[in-house]
> 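Below is the structure I would like to discuss, written out as structure tokens.
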Amino acid sequence: MKIATFNINGVKARIEALLSWLDEARPDVVLLQEIKSTDETFPRELIEDKGYRVETHGQKGFNGVAILSRLPLEDVVRRLPGDEADEQSRWIEATVIGDRAVRVCGLYLPNGNPAPGPKYDYKLAWMARMERRVIELLATEEPLVFAGDYNVIPQAEDAAKPEAWTEDALFRPETRAAFRRLLNLGLTEAFRARVQGPGHYSFWDYQAQAWPRNNGIRIDHLLLSPQAADLMTDVQIDRDVRAGEKPSDHVPVWIELAA
DNA sequence: ATGGTCGATGGTCGA
């Protein structure tokens with residue numbers, strides 16, 4: 001079971017790039033972020049024509065997440081529990097029925113800039129809510145995959161120029177500590193379980209020629225429960241997608257599970 | 001040091 005996360009940065013503007021990547025990468029499951037689309041305006045038919053089920057949790061203008069799956073989906077949950085007043089569409093869950101049942105959670109964690117400030121407070125509160133949901137799901141002892149745009153640079157080696165990020169919401173100590181708390185619950189960060197060292201990025205800004213200069217950061221992650229980590233056979237960043245026609249500023253990251 | 005690029009929107013804002 002190949003499971004990918006991809007911040008698409010506007011699914012309507014990116015539909016051709018998305019369809020091409022689906023043909024090339026042939027993922028079984030895709031967790032999309034920043035669809036910037038409502039459920040009604042999501043271009044679902046073009047994706048369904050390729051054999052994918054489509055579950056969306058959209059919002060007008062900003063945010064929005066979705067799950068695409070070639071395998072059956074059950075028990076879709078569309079919001080992160082813990083704050084009924086939160087109107088932002090940043091979380092979607094479903095159980096994928098493959099050889100094994102795998103619970104996938106697609107997340108678009110708040111950016112949090114400028115920090116400090118109310119947006120940063122929202123980010124940290126959202127991470128605390130996510131921690132509570134992870135604890136709930138870990139109790140099921142099922143294979144779990146938490147994949148998405150975390151807006152977290154976990155370590156200095158995950159940025160080409162870490163010194164430029166010291167005051168940023170993506171790299172501040174409180175952000176990284178909250179991310180470590182997730183790992184300390186017993187989750188495995190898929191990429192770092194397999195690949196060590198600097199120079200691996202998943203996002204390059206559109207500005208200041210960040211891509212040709214390889215001025216990137218690694219902020220798109222897949223966190224695995226112990227039962228999912230035991231099934232992982234591969235993990236990759238589809239870096240070449242950033243060089244394509246009209247690309248997102250993020251690229252897909254994926255895992256293969258023996259499930 | 002400064003300014004730079006996108007997408008959705010239609011009013012600038014979020015990243």
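Note on naming: letters A, B, ... go to the chains in the order of the sequence lines (proteins, then strands), and numbering restarts at 1 for each one. Heavy-atom basis, side chains included; hydrogens, waters and symmetry copies ignored.
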> CG of A:Asn7 versus P of B:dC6: gap in Å, rounded?
16 Å

> Considering only atom C1', compute the distance from B:dT9 to B:dC13 and round it to an integer number of Å.
9 Å

> Ring-plane angle category for A:Phe146 and A:Trp91, please: parallel below 30°, perpendicular beyond 60°, tilted otherwise.
tilted

> In whole Å, measure the gap between the P atoms of B:dG14 and B:dG10 for me.
14 Å

> Taking atom P in both B:dC6 and B:dT2, compute the distance separating them and give it to the nearest angstrom.
23 Å

> Tell me whether A:Lys50 is salt-bridged to A:Asp23, with the criterion being a basic N under 4.0 Å from an acidic carboxylate O.
yes

> Let's see if you get this right: which residues in residues 105-123 of chain A place a heavy atom under 4.0 Å from DNA chain B?
A:Tyr108, A:Asn111, A:Lys119

> Without placing hydrogens or testing angles, list every side-chain donor-acceptor pair under 3.5 Å for residues 186-195 of chain A, not counting sequence neighbours.
unit_1, atom_1, unit_2, atom_2, d
A:Glu189, OE1, A:Arg218, NH2, 2.9
A:Glu189, OE2, A:Arg218, NH1, 2.9
A:Arg192, NH1, A:Val195, O, 3.0
A:Arg192, NH1, A:Gly197, O, 3.0
A:Arg192, NH2, A:Asp158, OD1, 2.8
A:Arg192, NH2, A:Gly197, O, 3.0
A:Arg194, NH1, A:Thr233, O, 3.2
A:Arg194, NH2, A:Met232, O, 3.1

> Rounding to the closest angstrom, what is the interatomic distance between B:dG4 and B:dA8 at atom P?
22 Å

> Only pairs under 3.5 Å count here: list side-chain donor-acceptor contacts from residues 173-183 of chain A, not counting sequence neighbours, and write none if there are none.
unit_1, atom_1, unit_2, atom_2, d
A:Thr175, OG1, A:Tyr120, OH, 2.6
A:Thr175, OG1, A:Ala169, O, 2.7
A:Arg176, NE, A:Pro154, O, 3.4

> Going by the rule side chain to side chain donor-acceptor pair (under 3.5 Å), which residues pair with A:Asp234 if we only count those two or more places apart in sequence or in a different chain?
A:Gln236

> Report yes or no: does A:Asn151 contribute a side-chain atom to a donor-acceptor pair with the main-chain N or O of A:Leu109 at less than 3.5 Å?
yes

> With the criterion being N/O to N/O and under 3.5 Å, what pairs connect the protein with nucleotides 1-3 of chain B, and how long is each?
none

> Identify all pairs in which a protein N or O lies below 3.5 Å from an N or O of nucleotides 7-11 of chain B, and state each distance.
unit_1, atom_1, unit_2, atom_2, d
B:dG7, OP1, A:Arg14, NH1, 3.2

> My understanding is that only one of A:Leu22, A:Leu68, A:Asp238, A:Ile3 makes a side-chain contact (heavy atoms from CB on, under 4.5 Å) with A:Pro27; could you say which?
A:Leu22

